[in-house]
**Student:** 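Have a look at this one.
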Amino acid sequence: MLARAALPAVPGLNQLPGVRKTGGDPAGLAYDRPPVRVERDAVRAYAEVCGFPVKDTVPLPYPHMLAFPLHMAIMSDPGFPYPAIGTVHLENSISSHRPVAIGEEVGVRTEVGSPRPHPKGTLLDFRTSAHVGDELVWESTSVYLRRGRGDADAPFGTPFEEVAPTGTRWRLGSDLGRRYAAVSGDHNPIHLYPWTAKALGFPRQIAHGMWTKARCIAQLENRLPDAVRVDVSFRKPVLLPGTVAFGSRAEDDGWAFSLTSPRNGAVHLLGRTHAL
């Protein structure tokens, strides 16, 4: 799936039938995943990589693992107007309406909305819903940026307040991207090895954005209600290996949090939670 999604960026191959992009406005392009049973071993492996405790319910971000193949299916569809390579995950919002239990069967649907202007290109909203039977249990929106001609008058994105580090630091190994890829299915080469990341313009491999969000949620997990929304903005990439500093601050209706570099203060992620 990842290879197919990358083909439209390869000169020559991008004109082959089934690869050539034919779409304009992709609004309404959608893929469904039939109900799949949540397996304990898969959840345990994800929890271990992301820092969650092992429970009889899944970590709050876990349904994104079920939705990620649908994101890639949309990006590799000829009706989607952009190659997946070079598309940047800019923001992510998750709303959990109730915990999902191990053993439940979850059906997932992802659809994309109309492109929106951004100062540095075009934004695309991938909206996902997860159901157990007829019950909506989980939702998310991933905002992707396709760099290109932008609109200088368009907003940069959702505003988030900065949060100072509060003493917690995590040392991240060079293999983190490969470990997260093994549990998520996201084998984007920018996350795997120095040479694969350099080929795509990075000095070395970088952590997955959704890992950084998951690790922050794991740090706050025992303070969040069962029905909660967690929004984040991804900023500077986290180079691997490296060290990051976590910060959090209680708000009237939840928590504000951050992930920054203890070396130079660069902001990697800003987020906030709200009770539903």
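Numbers for residues simply follow the sequence, beginning at 1.
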**Student:** Provide the closest heavy-atom pair for P117 versus D151 in the form atom of the first, atom of the second, distance.
**Tutor:** CB-CB, 3.9 Å

**Student:** Are L90 and V112 grouped together when hydrophobic residues (ILVMFWY) are joined by side-chain heavy atoms under 4.5 angstrom apart?
**Tutor:** no

**Student:** Which atom names give the shortest non-hydrogen contact between S114 and A27, and what distance separates them?
**Tutor:** OG-CB, 3.2 Å

**Student:** Strictly by modelled atom types, are D231 and S93 linked by a side-chain donor-acceptor pair under 3.5 Å?
**Tutor:** yes

**Student:** Any chain of hydrophobic side-chain contacts (each under 4.5 Å) joining I217 to L270?
**Tutor:** no

**Student:** If you take all heavy atoms of A218 and C50, which pair is closest and at what distance?
**Tutor:** CB-O, 3.6 Å

**Student:** For the pair R37 and E105, find out whether any cationic side-chain nitrogen is under 4.0 Å from an anionic carboxylate oxygen.
**Tutor:** no

**Student:** Is it the case that the side chains of H89 and S142 hold a donor-acceptor pair, with the cut-off being a distance below 3.5 Å and no angle test?
**Tutor:** yes

**Student:** For E104 versus V132, what's the shortest heavy-atom pair and its separation?
**Tutor:** OE2-CG1, 3.7 Å

**Student:** What about H64 and H71, are their ring centers closer than 6.0 Å?
**Tutor:** yes

**Student:** Salt bridge or not for R98 and E135, using N-O below 4.0 Å?
**Tutor:** yes

**Student:** Compare every heavy atom of P99 with every heavy atom of T57, then report the nearest pair and how far apart it is.
**Tutor:** CG2-CB, 3.9 Å

**Student:** Would F52 and M65 show up in the same hydrophobic cluster when neighbours are defined by side-chain heavy atoms closer than 4.5 Å?
**Tutor:** yes

**Student:** Are D41 and R44 within salt-bridge range, i.e. N to O under 4.0 Å?
**Tutor:** yes

**Student:** Check step by step if side chain to side chain contact (heavy atoms under 4.5 Å, CB included) holds for V88 and R147.
**Tutor:** CA-CA 8 Å; V88 180; R147 295 186 184 276; 4.2 Å; yes

**Student:** If you count heavy atoms of other groups shown closer than 6.0 angstrom to CD of E251, is the number above 12?
**Tutor:** yes

**Student:** Between L172 and Y180, is there a shared hydrophobic cluster once you connect ILVMFWY residues whose side-chain heavy atoms come closer than 4.5 Å?
**Tutor:** yes

**Student:** Checking side-chain polar atoms at under 3.5 Å, does R235 have a donor or acceptor matched by the opposite partner on S233?
**Tutor:** yes

**Student:** Of all the heavy-atom pairs spanning R272 and F257, show the shortest one and how long it is.
**Tutor:** N-CE2, 3.4 Å

**Student:** Would you call R223 and E221 a salt bridge, taking side-chain N to carboxylate O under 4.0 Å as the test?
**Tutor:** no

**Student:** Does a donor on one side chain sit under 3.5 Å from an acceptor on the other, for D77 and Y31?
**Tutor:** yes

**Student:** Using only heavy-atom distances, determine whether the side chains of S95 and R229 contain a donor-acceptor pair under 3.5 Å.
**Tutor:** no

**Student:** Do V232 and F160 sit in the same hydrophobic cluster, where Ile, Leu, Val, Met, Phe, Trp and Tyr count as joined when their side-chain heavy atoms come under 4.5 Å apart?
**Tutor:** no

**Student:** Do NZ/NE/NH1/NH2 and the carboxylate oxygens of R249 and E161 come within less than 4.0 Å?
**Tutor:** yes

